[in-house]
Colleague: 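Okay, here's the structure, questions in a sec.
What you see is a predicted model; the values in this text were computed from it and never measured. As a basis for the values below, the full set of heavy atoms in this structure was taken, side chains included, without hydrogen atoms, waters or symmetry mates. Residue numbering restarts at 1 for every chain, and letters A, B, ... go by the order of the sequence lines.
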Amino acid sequence: MSGDHGRGDSQVNSGSKGYDSHKHKDKHKEKEHKHKDHKKDKEREKIKHSNSEHKEYSERKHKDKEKPRHGDGSSEKHREKHKDKEKKREDKILSSQSDRPKKEKENGYVRERSPVAIKSEPEDDNGFYPSPKHNKATKRERDDDEEFEYKPKKVKVEHDKKAKKRKHEYEDDEEDEDTKHKKKTKDKKATEGKKAKKQEEEKWKWWEEERYTDGSKWRFLEHKGPVFAPPYEPLPDKVKFYYDGKPMKLSAPAEEVATFFAKMLDHEYTTKDIFRKNFYKDWRKEMTSEEKSVITDLNKCDFREMSEYFKAQSEARKQMSKEEKQKIKEENERILQEYGFCIMDNHKERIGNFRIEPPGLFRGRGDHPKMGMLKRRIRPEDIIINCSKDSKQPKPPPGTKWKEVRHDNKVTWLVSWTENIQGSIKYIMLNPSSRIKGEKDWQKYETARRLKKCVDRLRAQYRDDWKSKEMRIRQRAVALYFIDKLALRAGNEKEEGETADTVGCCSLRVEHIKLYPKMDEQEYVVEFDFLGKDSIRYYNKIPVEKRVFKNLQLFLENKQPEDDLFDRLNTSILNKHLQELMDGLTAKVFRTYNASITLQQQLKELTSPEDSIPAKILSYNRANRAVAILCNHQRAPPKTFEKSMQNLQTKIDEKQKQLSAARKQLKAAKADHKASHDEKSKKAVEVKRKAVQRIEEQLMKLQVQATDREENKQIALGTSKLNYLDPRISVAWCKKWDVPIEKIYNKTQREKFAWAIDMAEKDYEF
DNA sequence: CTTTACACTTAGTACGGCGTGC
DNA sequence: GCACGCCGTACTAAGTGTAAAG
């Protein structure tokens, strides 16, 4: 598999898969064995590697091993036997080993464990805000229902007085808040020009308002419904499909599905057996009986002319005149204005995805058993609308009707439908800048902060549990250790054959880890190698504490590679346990907590006060990167990486030449000045000095950029930035070091994190 | 207890538009 | 004015976690 068209291909096709598919759990369907290349894996492997302390890296150990398969059910029995054995063993387990020191290196970064031992988790330490309690609200006593208006009034644009009052408490200088506020907005307006005239110059600060505590998400919700995919336009007659070398006119439904395939012809997908098989099966369903009888072999189908046609079309689109493009843009804008917003509780809010997913062929990630299946067209009859009773309900397209219109204010979605590949439900929800998403996000970080307060206690506890005489507790404790230390995902069970074979912590199998009692200088090394979410490979070697190691050996005893490592554990057991330790605690909170605390700490460590702004930003990116590495957020190296790196290097070289030239000139000017001592030459020296300085700065900037880019080759910063890092840490850092927030967050990100930008001061501590 | 349904977050990629340097 | 590379954004798959159903 070499055809590397675009990053996506390799990702989906050949990327990141190092194994046979395994049977696990109690199902034992036979699967094909495939040999795959591991180019991408190896590249990715380097990431983890270069950031862990070991220099060398060994060959992939488990490539395409042919594993003997158990006959049906045998492994099941096998498993059961184990359980008995383990049970007996549990009683014998009694261990007493000394603990190891507290500070550890993780992925090459030192992570401090906060020394504070916390007994209880008090309420939020910030008394000023309506604190985002995690939502047990439904079960809590209600008290404030009445405060809310049930009926929509006019859409408010400015925040209300109640909020202002609270804001007062927060601002340190109390003097007339109102004038200050006005002044600010006026200034802004002046600089931004007229266009932002009526716009929400007064952005609604939902974070200064009370929140629902009864589990309801809104009181009023009105929207226009979804935008449907455009109907299928049959191909012009001149574009032909050939079967067995002969042109053949297809019925519209069959033709449409054929075009989906044709559009992907360049993609490596279409060469894959599973993809072709799935596609062909679904395609046949759309054929007339006549077509079915003629078309009996996908290999005899020739879609190339269709494919060419679409290429030409997209080429033509690129070549369109300015005016035409402008027209399309305007039309899109119109649709956005009409369908892209809703009114929720008196405020106009942006909708995230108001377009229904168009039909096409399913592209799963990794080795997905359903790749190539037809994703069917969604019709109004498939759609459930959610809105408030007293709103103007969205109208279905003429001649159609909705599947259902409901009024459920316990959920946040506006539109839903059931997708046909997995049978899962898809939703239309609000944009991340919306109140409803923002509150949840804020709350997430508050939960993580509560974890911070008791994490030492929890760590002590799970270390203790490594010694438990119950197997299930030991497993739970070791799993939790991994989740904490390595920021692994929880690892829910998945239905086999429905999705790609990927795992998280609780679903790790024996084959995913290797134990090395000794490796080079280190003792008790565990090697992880598995495919995680999106079939992204996780590869890491880490030394663990002796007790963990011994436990792992124990867990592995008498198991087959495809057996679960933690056979007495699943996510719901784990989360139930966590819930008992801290209100609102689940496995994923550890990821959020460790990500955010790592950022904060790395920022502290890496930022030098005397650094220039670009250097500080580099530090920020490095801190961000530490988190991305921790969370294993990878990306395919950009296709153009090498080239763009070279370009940058050329620029640097040029700049360097410029610099030496400028320096020479400065020298000359100085000499000149020494000789003449006149005003003019003095000025000349100053000018040259400035020039040198400017070029030095430019050079520095370029070099920083190069470093940054190189380090970022295979690492995606976006995911952690958007989902794991408490934005208040970044905001505080910007304020502390006078780095403009725009250097860290782009416009969209600033909108999403408006709450944090507004509330975090430079001394904010996660 | 296990399984299923549902809601919502987290994830990487495709792609178009825009700014930049010539 | 044009080519090019980069960034932002749209898209949608794939996770997590809770609650209801069996």
Colleague: Hey, is the side chain of Asn353(A) poking within less than 4.0 Å of OP1 or OP2 on dC11(C), counting only N and O atoms?
Modeller: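 No, because none of the side-chain N or O atoms of Asn353(A) sits under 4.0 Å from OP1 or OP2 of dC11(C).
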Colleague: Should the ring pair Phe753(A) and Tyr745(A) be called parallel, tilted or perpendicular, given that the plane angle runs from 0 to 90° and is split at 30 and 60?
Modeller: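 Answer is tilted, since the angle falls between 30° and 60°.
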Colleague: Ignoring backbone atoms, establish whether Lys375(A) has a side-chain N or O less than 4.0 Å from OP1 or OP2 of dA13(C).
Modeller: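 Affirmative; the distance criterion is met.
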Colleague: Identify which nucleotide among dA7(B), dC11(C), dT10(B) has an atom closest to any side-chain atom of Lys444(A), counting heavy atoms from C-beta outward.
Modeller: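 Of dA7(B), dC11(C), dT10(B), dT10(B) is nearest to the side chain of Lys444(A).
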Colleague: Between dG17(C), dT13(B), dA14(C), which one does the side chain of Ala636(A) approach most closely?
Modeller: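 Between dG17(C), dT13(B), dA14(C), the one nearest the side chain of Ala636(A) would be dT13(B).
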Colleague: Out of dT18(C), dA14(C), dC8(B), which has the shortest distance to the side chain of Asp534(A)?
Modeller: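 My answer, after comparing the listed nucleotides, is dA14(C).
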Colleague: Strictly below 4.0 Å: does Lys588(A) bring a side-chain N or O up to OP1 or OP2 of dT10(B)?
Modeller: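 Lys588(A) to dT10(B) OP1/OP2: side-chain N or O found under 4.0 Å.
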Colleague: Please tell me if Arg489(A) has a side-chain N or O lying less than 4.0 Å from either OP1 or OP2 of dA11(B).
Modeller: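 For dA11(B), OP1 or OP2 has a side-chain N or O of Arg489(A) closer than 4.0 Å.
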Colleague: If you find the nucleotide of DNA chain C closest to Gly352(A) and the one closest to Thr586(A), which residue's nucleotide is nearer the 5' end?
Modeller: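 In this pair, the answer is Gly352(A).
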Colleague: Can you see if the side chain of Ser424(A) gets near the phosphate of dC6(B) - specifically, an N or O under 4.0 Å from OP1 or OP2?
Modeller: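 Ser424(A) to dC6(B) OP1/OP2: no side-chain N or O under 4.0 Å.
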Colleague: May I ask you to verify if any side-chain N or O of Lys494(A) is less than 4.0 angstrom from the OP1 or OP2 atom of dT4(B)?
Modeller: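 Indeed not, no polar side-chain atom of Lys494(A) lies that close.
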Colleague: Cut-off 3.5 Å, side chains only: do Gln443(A) and Glu439(A) have a donor facing an acceptor?
Modeller: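 No donor-acceptor contact under 3.5 Å links the two side chains.
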Colleague: Using the closest heavy atom to pick a nucleotide of DNA chain C for each, name whichever of Val589(A) or Asn746(A) lands nearer the 5' end.
Modeller: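 The residue closer to the strand's 5' end, by nearest nucleotide, is Asn746(A).
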Colleague: For Lys217(A) and dC8(B), is the shortest distance between a side-chain N/O and OP1 or OP2 below 4.0 Å?
Modeller: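 Yes, because at least one side-chain N or O of Lys217(A) sits under 4.0 Å from OP1 or OP2 of dC8(B).
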Colleague: Between Tyr724(A) and dA11(B), is there a contact of a side-chain N or O with OP1 or OP2 at under 4.0 Å?
Modeller: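 Answer yes for this pair, as a side-chain N or O of Tyr724(A) is under 4.0 Å from OP1 or OP2.
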Colleague: Thinking salt bridges, do Arg435(A) and Glu349(A) make one under a 4.0 Å N-O criterion?
Modeller: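 No, this pair does not count.
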Colleague: What nucleic acid atoms does Gly491(A) come within less than 4.0 Å of, heavy atoms only: base, sugar-phosphate, or nothing?
Modeller: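 The answer is sugar-phosphate, as Gly491(A) gets under 4.0 Å only of primed atoms, P, OP1 or OP2.
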Colleague: Which heavy atom of Gln422(A) sits nearest a heavy atom of Thr499(A), and at what distance?
Modeller: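 Gln422(A) and Thr499(A) have their closest heavy atoms at OE1-CG2, 4.1 Å.
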Colleague: Within less than 4.0 Å of OP1 or OP2 of dG17(C), is there a side-chain N or O belonging to Thr571(A)?
Modeller: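 Result: no.
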Colleague: For the side chain of Ala490(A), counting heavy atoms from C-beta on, which of dG17(C), dT13(B), dC8(B) is nearest?
Modeller: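 Of all the options, the side chain of Ala490(A) is nearest to dG17(C).
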Colleague: Checking Tyr212(A) against Asp345(A): is there a side-chain donor and acceptor pair closer than 3.5 Å?
Modeller: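 A donor-acceptor contact under 3.5 Å links the two side chains.
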Colleague: Of the nucleotides dT12(C), dT9(C), dA7(B), which has the atom closest to the Thr748(A) side chain?
Modeller: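 Looking only at heavy atoms from C-beta outward on Thr748(A), the closest nucleotide is dT9(C).
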Colleague: Is any side-chain nitrogen or oxygen of Lys437(A) closer than 4.0 Å to OP1 or OP2 of dT9(B)?
Modeller: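 Checking dT9(B) against Lys437(A), a side-chain N or O does come within under 4.0 Å of OP1 or OP2.
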Colleague: In plain terms, say whether Lys272(A) and Glu268(A) are close enough for a salt bridge, that is, a side-chain N and a carboxylate O under 4.0 Å apart.
Modeller: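 Judged by the 4.0 Å cut-off on N to carboxylate O distance, Lys272(A) and Glu268(A) do not form a salt bridge.
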Colleague: Can you tell which of dA7(B), dA13(C), dG12(B) lies closest to the side chain of Trp413(A)?
Modeller: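 The closest nucleotide is dA7(B).
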Colleague: With a 4.0 Å limit, can you tell me whether Thr502(A) has a side-chain N or O closer than that to the phosphate oxygens OP1/OP2 of dG15(C)?
Modeller: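 Answer yes for this pair, as a side-chain N or O of Thr502(A) is under 4.0 Å from OP1 or OP2.
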Colleague: Just N and O in the side chain of His633(A): are any of them under 4.0 Å from OP1 or OP2 of dA11(B)?
Modeller: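 Yes.
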Colleague: Taking 4.0 Å as the cut-off, does a side-chain nitrogen or oxygen of Asn723(A) come that near to OP1 or OP2 on dT9(B)?
Modeller: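 For Asn723(A), the contact criterion (side-chain N or O under 4.0 Å from OP1 or OP2 of dT9(B)) is not met.
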Colleague: Within the structure, does a side-chain N or O atom of Arg591(A) lie under 4.0 Å from either OP1 or OP2 of dA11(B)?
Modeller: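 Arg591(A) to dA11(B) OP1/OP2: side-chain N or O found under 4.0 Å.
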